There are 2 protein chains.
Amino acid sequence: MIDSGETVLVVEDEAPMRKFLRAALSTHGFAVTEAATIAAAEHLATETRPAAILLDLGLPDGDGLVFLAHLRGWSTTPVIVLSARDREDDKVSALDAGADDYLTKPFSVGELLARIRVALRHARATVTTDEPVRAIGPIRIDLARHEVTVDAQDIHLTPIEFRLLCALARQPGRVLTHRQLLTEVWGPNAVEQTHYLRVHMAAMRRKVEKDPARPQWLLTEAGVGYRLRDA
Amino acid sequence: MIDSGETVLVVEDEAPMRKFLRAALSTHGFAVTEAATIAAAEHLATETRPAAILLDLGLPDGDGLVFLAHLRGWSTTPVIVLSARDREDDKVSALDAGADDYLTKPFSVGELLARIRVALRHARATVTTDEPVRAIGPIRIDLARHEVTVDAQDIHLTPIEFRLLCALARQPGRVLTHRQLLTEVWGPNAVEQTHYLRVHMAAMRRKVEKDPARPQWLLTEAGVGYRLRDA
DNA sequence: TCTCCGGATCAAGAATTCGTAAAGACGAAC
DNA sequence: GTTCGTCTTTACGAATTCTTGATCCGGAGA
């Protein structure tokens, strides 16, 4: 499947536990990012926009509940707390602080995965306050709908074209090297195939640009890469 | 807590447990209705429209999971399973069947209440199209009655077709990936069986579309998934 | 003017992905 | 047991998408 699963952020200070969770999650189709501290977790939560977060409460640089409180200020991403503490108070305070679930260590992998699925089910049904629509000039990219419009006109992009455009749109105005684009869209084994880029950029220009021979938005940086002009 | 007057439906066959739960809930501001059988539970779920449901799995007239499956056909009311069984399988199958949480007896009242609060929080944030009829173009879907009409003409959908259509109709216009549709309709073990989708989409198009070879509503996004055109 | 080079363009055919039909498996109703 | 409806599985042609290679273009430098 090309649809590489959704990303789960694991916040946990003990390395063996992190490794264990990474193994369990990735064999079930999730992408995994890891953080060992609150600081790292806050950074990754904003950067990678995970679909769900697994949170250990005992972290070296502070209480996990602090992180949770911060997060709930701007995000509704589901959070499942993993803790060795089994006291009622701990559970209640975590749940009331905004956690969506609370699992006591040790737990079984099957249950964890099932509860993650529940969390993702909820997230999908939730009115997402995040705006996953990006607009650059006349181009509008709706990540959630997998939909692109130019001057309010729907245009159809193939999966590769869509991923290419998303990669460029993530940092509008900035040049992305051939290498960066190739690894992001085709994977790290294709970093040499720069002609893939040429062909697919041409195809995309035909759909997006008014005059594909004189592109206004999908610009070539000779010898370096491509960039999407910032509006 | 000031959760003034939301109703919780308790489905439990043992009278002492029912009494205990009623006491715990009502002293914390919930109204309580009780059912000791699946039949009674189905009746009360439709009649009283509870804000949440506590479900014991071992009932005299059948498995609680059957009730849960029925309920999920037309309602997103949060369900918390209360069970004496602590096996991983039991938890996973209940959660995958649509339960929002699973508590093993014995549990503490504080935790139960906290988890109910979580469930209600979720319910409030959910796109609550509790209006049981949805209309997209010429297609009208009656969730409670399991009925679909196209141009005011009744059409018959099989259970799987109906769930597929509901999944698509929940967010009209949006692309749902193969993975999403398969997990939602067939469960998480079937994420690889993309041919299920092809076969059942074809069957549904024959019933819904004027020209099944050129679909107007049930659209394919090659390499990604399917979507229901937004009217 | 010629050549070189990176990029653009085009078209063929390779590889995926889709749609469709048809047959077998399974369970429920009779 | 039989019949019926439904779901799964399989196979194959059609459609779409991707890769590949040939060719063209324009600027830089000899």
Side-chain angles (χ1 to χ4, degrees), chain A residues 1-4 146 148 155-165 168 175-179 181-182 184-187 189-227, chain B residues 62-63 66 69-70 73 146 148 154-165 167-168 175-179 181-182 184-187 189-227:
Chain A
M1 295 294 107
I2 312 153
D3 180 24
S4 68
H146 250 263
V148 177
I155 63 169
H156 176 73
L157 295 187
T158 69
I160 278 194
E161 288 162 9
F162 186 77
R163 280 191 280 168
L164 200 49
L165 184 60
L168 290 165
V175 182
L176 298 185
T177 65
H178 298 139
R179 178 175 286 269
L181 289 169
L182 285 163
E184 184 144 347
V185 177
W186 279 269
N189 300 326
V191 289
E192 319 254 307
Q193 322 290 68
T194 55
H195 57 282
Y196 287 6
L197 288 174
R198 285 201 263 288
V199 172
H200 288 281
M201 286 296 289
M204 203 152 59
R205 280 172 175 156
R206 278 198 293 278
K207 298 175 180 179
V208 169
E209 297 280 0
K210 291 210 171 63
D211 179 1
R214 265 174 229 78
Q216 300 289 302
W217 303 100
L218 297 164
L219 307 181
T220 303
E221 295 292 326
V224 185
Y226 293 88
R227 71 189 168 92
Chain B
D63 192 338
V66 174
H70 271 198
H146 271 239
V148 177
D154 267 27
I155 62 168
H156 173 72
L157 294 187
T158 69
I160 278 196
E161 287 162 10
F162 186 77
R163 279 194 282 166
L164 200 49
L165 184 60
L168 290 164
V175 180
L176 299 185
T177 64
H178 300 136
R179 180 180 284 267
L181 289 169
L182 286 163
E184 186 148 343
V185 176
W186 279 269
N189 298 326
V191 289
E192 319 249 307
Q193 319 295 93
T194 54
H195 57 279
Y196 289 6
L197 288 174
R198 285 202 277 287
V199 172
H200 289 281
M201 286 295 289
M204 202 154 59
R205 280 173 176 155
R206 279 197 290 278
K207 299 175 181 179
V208 169
E209 298 279 359
K210 291 209 169 64
D211 179 359
R214 266 175 227 77
Q216 299 289 302
W217 302 99
L218 298 165
L219 307 181
T220 303
E221 295 290 326
V224 184
Y226 293 88
R227 70 190 167 94

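This is a predicted model, so every value here is computed, not measured. Naming convention: chains lettered A, B, ... in sequence-line order (proteins, then strands); numbering from 1 in each chain.
Note on Trp186(B): every side-chain N or O is 4.0 Å or more away from OP1 and OP2 of dC7(D). Residue His200(A) places none of its side-chain N or O atoms closer than 4.0 Å to OP1 or OP2 of dT17(D).
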Contacts under 3.5 Å, N or O only, protein and nucleotides 5-10 of chain C:
unit_1: dG7(C); atom_1: OP1; unit_2: Gly223(A); atom_2: N; d: 2.7
unit_1: dG7(C); atom_1: OP2; unit_2: Arg198(A); atom_2: NH1; d: 3.3
unit_1: dA8(C); atom_1: OP1; unit_2: Arg205(A); atom_2: NH1; d: 3.0
unit_1: dA8(C); atom_1: OP1; unit_2: Thr220(A); atom_2: OG1; d: 2.7
unit_1: dA8(C); atom_1: OP2; unit_2: Tyr226(A); atom_2: OH; d: 2.8

Taking N or O atoms only and anything under 3.5 Å, show me the protein contacts with nucleotides 28-30 of chain C, one pair per line.
none

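Taking both residues in full, the closest heavy atoms of Pro159(A) and Val224(B) are given as CG-CG2, 4.1 Å, listed atom of the first, atom of the second, then distance.
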- Give the C-alpha distance, both sets of side-chain angles, the deciding distance and a yes or no for side-chain contact (heavy atoms from CB on, under 4.5 Å) between Met204(A) and Lys207(A). CA-CA 5 Å; Met204(A) 203 152 59; Lys207(A) 298 175 180 179; 5.6 Å; no
- Show your working on side-chain contact (heavy atoms from CB on, under 4.5 Å) between Gln216(B) and Lys210(B) and close with a plain yes or no. CA-CA 8 Å; Gln216(B) 299 289 302; Lys210(B) 291 209 169 64; over 6 Å; no
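For the side-chain contact (heavy atoms from CB on, under 4.5 Å) with Tyr226(B), the qualifying choice from Leu181(B), Leu219(B), Leu218(B), Val175(B) is Leu181(B), the only one to do so.
Taking atom NE2 on His156(A) and atom P on dC18(C), their separation rounds to 11 Å, with Å as the unit. Spacing between atom OH of Tyr196(A) and atom C1' of dG21(D) amounts to 13 Å, rounded to whole angstrom units. Following rounding to the nearest Å, Leu197(B) (CG) and dT9(D) (C1') show an atom-to-atom distance of 15 Å.
The distance from the CZ atom of Arg198(B) to the CD atom of Gln193(B) is 10.5 Å, given to the nearest 0.5 Å.
Under the 4.5 Å side-chain criterion, counting only non-hydrogen atoms from C-beta, Arg214(B) is not in contact with Glu209(B). In this structure, the side chains of His200(B) and Trp186(B) come closer than 4.5 Å at one or more pairs of heavy atoms. Here the side chains of Ile155(A) and Glu161(A) are not in contact, with every heavy-atom distance at 4.5 Å or above.
Nearest-nucleotide positions on DNA chain D place Leu157(A) closer to the 5' end than the other of Gln193(A) and Leu157(A).
Out of dC7(D), dT8(D), dT19(D), the shortest distance to the side chain of Ile160(A) is found at dT19(D).
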